[in-house]
Engineer: 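Quick one: this structure, given as structure tokens, is what I'll be asking you about.
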Amino acid sequence: MNAQPPVKNLVIVGGGTAGWMSAAALAKVLRGRYRIRVVESDEIGIVGVGEATIPAIRLYNSVLGIDEDEFIRETQGTFKLGIEFVDWGRLGNRYMHAFGKLGQDRWTVDFHQYWLKLRLAGRAAPLENYSINRVAALRGKFMRATQEVPNSPLADITHAFHFDAGLYAKFLRRYSEAQGVDRTEGKIVETRLHPHNGHVASLRLENGEVIEGDFFIDCSGFRGLLIEQALQTGFEDWSHWLPCDRAIAVPCVSAPVLTPYTRATARSAGWQWRIPLQHRIGNGHVHCSQYVSEDEATAILLANLDGERLAEPRTIRFKTGKRRKFWNKNVVAVGLSSGFLEPLESTSIHLIQSTIARLIGFFPDGGFDPVLVDEFNAQADFEMERIRDFIILHYHATERDDSPFWRHCRTMQIPPTLQRKLDMWQAQGRLVRDNGELFTEPGWLQVLEGQGLLPRAYHPLVDVMPEGEVTDFVGRIQQVVSRCVDTMPDHAEFIARYCKART
Ligand code: FAD
């Protein structure tokens, strides 16, 4: 039997995506043995953006037992096969970071090394032709992966979702309440600490109600009500690497073609997102206030919509970086309260998911053993730093010289961890993925190549294969991918058939 008393009362502060994702997962895993309470304030509201995801979210859904079609229907969702980057490496350039596999690896050498040999000799087709996700995305096609055809790229289709953030929080709230989670509406005006150990003891609401707990999950958004305002954990600022600090968001009417991918178009001092949903398109201009005014940024956004706007533009301010500790005393920060990497690679919702998974793995007893807390924090730091490096790559590896913003990004110092990856790539096309980091080799490959970085050489063992065999091997994959995509339905048709929203 454990010597320490168990943690019994969990209080989740905040009812945005982070709050309800935490509540739903904990309710499922803790099976009613713990009390879970969510406190949220309708008056404060949620950030209301965060509508593009990465494929790992499907694991979250499956742990919860969520039916995917139902989920898409309820959130006005669409499918996402990757992110298209426009004007990043240079003006006029376009590439996609598509999810999933690229080509077909041999046991000796990775596929991309064979492609590199042809590319360096000026004889290769575009890299994207070898990704089923990319070819399907460009042709507006979608279906889920199938194992029905043996050894087919159709088994490699890897998808994520776009959804309406407000509807997603409501969907998870219904799920959580059905699992026994209590919800309290009210504004927290005071956080009380235990005098002997500085742990959070209780929260006082505006109406005088006091909420006590043993363990607090801070999902209060950028304000970090417990982790920062009460515990003063501190913030590690990364804005010297990721200088964008504002986003202007505005929805507009849908376009005739329902594209199964997010688009990120670089602008003179930032970039613009385009996220197609069933009932509207979400748009936003992420920018750096040091280089462009809010009025100019708004004008750029509004001049680049697919159609009529559906609401007034709204500005969101942020600073990139992370809390010095995700877990401090008896508080774990999840979501925006733990820090923020800008949304370029749609990683925030994933970080919520992985923090919850880690929290379940390290679930404490009442002793809150610092050894476990330290390990939790070290793992969280590693994960976020590696994602940060991947995002910095998009800004730094550019030839753009057309604005002060891009000149800054191109010439800035980068973290040594990223420099090592660039050096390995440039030496011989080597892709280094350290233990457990989020982005896979095909992800790094597509962004490195897409941004215009080519290595000096390829893996020497590629030359073991005769020249003609390399050409045949690489060419065959391209044909098979293309033929597979021919058989796929249109994205819009797929949605109409299986998961059309009711309104
Ligand atoms: P919020 O949504 O801000 O929720 C905070 C909650 O705390 C609210 O319920 C609020 O009422 C409550 N609260 C706060 N203070 C109090 C108080 N005193 N009393 C009671 N309740 C309180 N992520 C992605 O994965 N993909 C994307 O495409 C993406 N795009 C983004 C674009 C932008 C511009 C930004 C800023 C973020 C984006 N994100 C994206 C991140 C994503 O939006 C967030 O990770 C996600 O919405 C989680 O937010 P949250 O729940 O932490 O905070």
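Bear in mind that the values here come from a model prediction, so they are computed numbers and not experimental data. Just follow the structure's listing: the first ligand is 1, and inside any ligand the first atom is 1. We're numbering straight along the sequence, starting at 1.
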Engineer: Do Val13 and ligand 1 have an N or O pair less than 3.5 Å apart?
Structural biologist: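 Not met; the criterion fails.
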Engineer: Would you mind checking which non-hydrogen protein atom is closest to atom 46 (C) of ligand 1, with the distance to 0.1 Å?
Structural biologist: Thr17 CB, 3.8 Å
Engineer: Show the atoms of ligand 1 that are less than 4.0 angstrom away from any heavy atom in Ala18.
Structural biologist: 48 (C), 50 (P), 51 (O), 52 (O)
Engineer: Walk me through it: do Thr184 and Arg37 pass the test side-chain hydrogen bond (donor to acceptor under 3.5 Å, both in side chains)?
Structural biologist: CA-CA 7 Å; Thr184 303; Arg37 197 162 172 180; 3.1 Å; yes
Engineer: Aromatic rings Phe215 and Phe363: how do their planes relate, parallel, tilted or perpendicular, breaks at 30° and 60°?
Structural biologist: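 Correct class here is perpendicular.
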Engineer: Side chain or backbone of Val286 under 4.0 Å from ligand 1, or both, or neither, by non-hydrogen atoms?
Structural biologist: neither
Engineer: Please check whether Leu225 reaches ligand 1 - meaning an N/O of the residue sits under 3.5 Å from an N/O of the ligand, judged on distance alone.
Structural biologist: no
Engineer: Taking only heavy atoms of Ala247, which atoms of ligand 1 are found under 4.0 Å from at least one of them?
Structural biologist: 34 (C)
Engineer: Are side-chain N/O atoms of Glu51 and Trp273 paired as donor and acceptor at under 3.5 Å?
Structural biologist: no
Engineer: Could you give the distance from CD1 (Ile387) to CZ (Phe382), rounded to the nearest 0.5 Å?
Structural biologist: 10.0 Å
Engineer: Return the closest protein heavy atom for atom 52 (O) of ligand 1 as residue, atom name and distance.
Structural biologist: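 For this ligand atom, the closest protein heavy atom is Leu336 N, 2.9 Å.
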Engineer: Taking non-hydrogen atoms only, is Cys219 closer than 4.0 angstrom to ligand 1 via side chain, backbone, both or neither?
Structural biologist: backbone
Engineer: Counting N and O atoms only, with roles assigned by atom type, does the side chain of Asn330 sit under 3.5 Å from a partner on the main chain of Val200, one being a donor and the other an acceptor?
Structural biologist: yes
Engineer: Indicate yes or no: at least one non-hydrogen side-chain atom of Leu127 is less than 4.5 angstrom from one of Tyr95.
Structural biologist: no
Engineer: Can you check whether Leu341 reaches Trp238 side chain to side chain, under 4.5 Å on heavy atoms?
Structural biologist: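 They are in contact (side-chain heavy atoms under 4.5 Å apart), so the answer is yes.
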Engineer: Looking only at non-hydrogen atoms, which of Leu203, Ile83, Ile188, Ile12 approaches atom 18 (N) of ligand 1 most closely?
Structural biologist: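 When every heavy atom of Leu203, Ile83, Ile188, Ile12 is considered, Ile188 comes closest to atom 18 (N) of ligand 1.
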Engineer: Distance to 0.1 Å, residue and atom name: give those for the protein heavy atom nearest to atom 31 (C) of ligand 1.
Structural biologist: Pro343 CB, 3.4 Å
Engineer: Would you mind running through ligand 1 and noting each atom that sits below 4.0 Å from a heavy atom of Ile46?
Structural biologist: 2 (O), 8 (C), 9 (O)
Engineer: Which residue holds the protein heavy atom closest to atom 9 (O) of ligand 1, what is that atom called, and what is the gap in Å?
Structural biologist: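 The closest one turns out to be Gly15 N, 2.8 Å.
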Engineer: For the NE2 atom of His287 and the CD atom of Glu294, what is their distance to the nearest 0.5 Å?
Structural biologist: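 One finds 6.0 Å between NE2 of His287 and CD of Glu294.
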Engineer: Can you check whether Gly45 has an N/O within less than 3.5 Å of an N/O in ligand 1?
Structural biologist: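 There is such a contact, yes.
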Engineer: Applying side-chain hydrogen bond (donor to acceptor under 3.5 Å, both in side chains) to Gln379 and Glu383, what does each step give before you reach the verdict?
Structural biologist: CA-CA 6 Å; Gln379 290 185 14; Glu383 180 176 39; over 6 Å; no
Engineer: Is there a polar contact, in the sense of an N or O pair closer than 3.5 Å, between Ser41 and ligand 1?
Structural biologist: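 Yes; the residue has a nitrogen or oxygen that sits under 3.5 Å from a nitrogen or oxygen of the ligand.
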Engineer: Taking Leu231 as the fixed residue, which of Thr191, Asn328, Leu226 is the one that meets the side-chain contact (heavy atoms from CB on, under 4.5 Å) rule?
Structural biologist: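 For Leu231, the side-chain contact (heavy atoms from CB on, under 4.5 Å) test succeeds with only one of Thr191, Asn328, Leu226, which is Asn328.
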Engineer: Looking only at side-chain N and O atoms, does Glu345 offer a donor or acceptor that is under 3.5 Å from a partner on His394?
Structural biologist: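 There is such a pair between these side chains.
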Engineer: Near Ile352, which atoms of ligand 1 are under 4.0 Å from a heavy atom of that residue?
Structural biologist: 45 (O), 48 (C)
Engineer: Where is the nearest protein heavy atom to atom 23 (N) of ligand 1: which residue, which atom, and how far?
Structural biologist: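 The protein heavy atom lying closest is Ser348 CB, 3.2 Å.
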Engineer: What is the closest protein heavy atom to atom 16 (C) of ligand 1, and at what distance does it sit?
Structural biologist: Ile44 CD1, 3.3 Å
Engineer: Does some non-hydrogen atom of Gly284 fall short of 4.0 Å from ligand 1?
Structural biologist: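 Contact check Gly284 vs ligand 1: negative.
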Engineer: Between the side chains of Glu228 and Arg223, is the shortest nitrogen-to-carboxylate-oxygen separation below 4.0 Å, so that they form an ion pair?
Structural biologist: no
Engineer: Would you mind listing which atoms of ligand 1 come within a distance below 4.0 Å of any non-hydrogen atom of Gly186?
Structural biologist: 19 (N), 20 (C)
Engineer: Check this for me - ligand 1, Ala52, N or O atoms closer than 3.5 angstrom, yes or no?
Structural biologist: yes
Engineer: Got Thr265 and Arg274 here, is their nearest side-chain heavy-atom distance under 4.5 Å?
Structural biologist: no
Engineer: Is there a polar contact between ligand 1 and Val47, counting only N or O atoms under 3.5 Å apart?
Structural biologist: yes
Engineer: Less than 3.5 Å between some nitrogen or oxygen of Val49 and one of ligand 1, yes or no?
Structural biologist: yes
Engineer: Roughly how far, to the nearest 0.5 Å, is CD1 of Ile46 from SG of Cys219?
Structural biologist: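 The distance works out to 12.5 Å.
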Engineer: Within a strict 4.5 Å, meaning less than it, do heavy atoms of the Asn283 and Arg309 side chains meet?
Structural biologist: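 With C-beta onward as the side chain, the pair stays apart.
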Engineer: With nothing but distance in play, are any N or O atoms of Ile349 less than 3.5 Å from an N or O of ligand 1?
Structural biologist: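 Yes; at least one N/O pair falls below 3.5 Å.
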Engineer: Supply the atom-to-atom distance Arg280 CZ to Ile275 CD1, rounded to the nearest 0.5 angstrom.
Structural biologist: 9.0 Å
Engineer: Considering heavy atoms of the protein only, find what lies nearest to atom 29 (C) of ligand 1 and give residue, atom and distance to 0.1 Å.
Structural biologist: Gly50 CA, 3.2 Å
Engineer: Roughly how far apart are Ile349 CD1 and Thr17 OG1, rounded to 0.5 Å?
Structural biologist: 5.0 Å
Engineer: If I apply the N/O under 3.5 Å rule, does Gly335 come out as touching ligand 1?
Structural biologist: no
Engineer: I'd like to know whether ligand 1 has Ala169 as a neighbour, heavy-atom separation below 4.0 Å.
Structural biologist: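 Ala169 does not count as a contact of ligand 1 under the 4.0 Å cut-off.
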Engineer: Could you list which atoms of ligand 1 come closer than 4.0 Å to a heavy atom of Glu51?
Structural biologist: 27 (C), 28 (O)
Engineer: Considering only the protein, which heavy-atom contact is closest to atom 36 (C) of ligand 1, and what is its distance?
Structural biologist: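 Nearest protein contact, heavy atoms only, for atom 36 (C) of ligand 1 is Phe340 CZ, 3.7 Å.
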Engineer: Is it true that Trp273 lies under 4.0 Å from ligand 1, counting heavy atoms only?
Structural biologist: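 Flag set, Trp273 near ligand 1.
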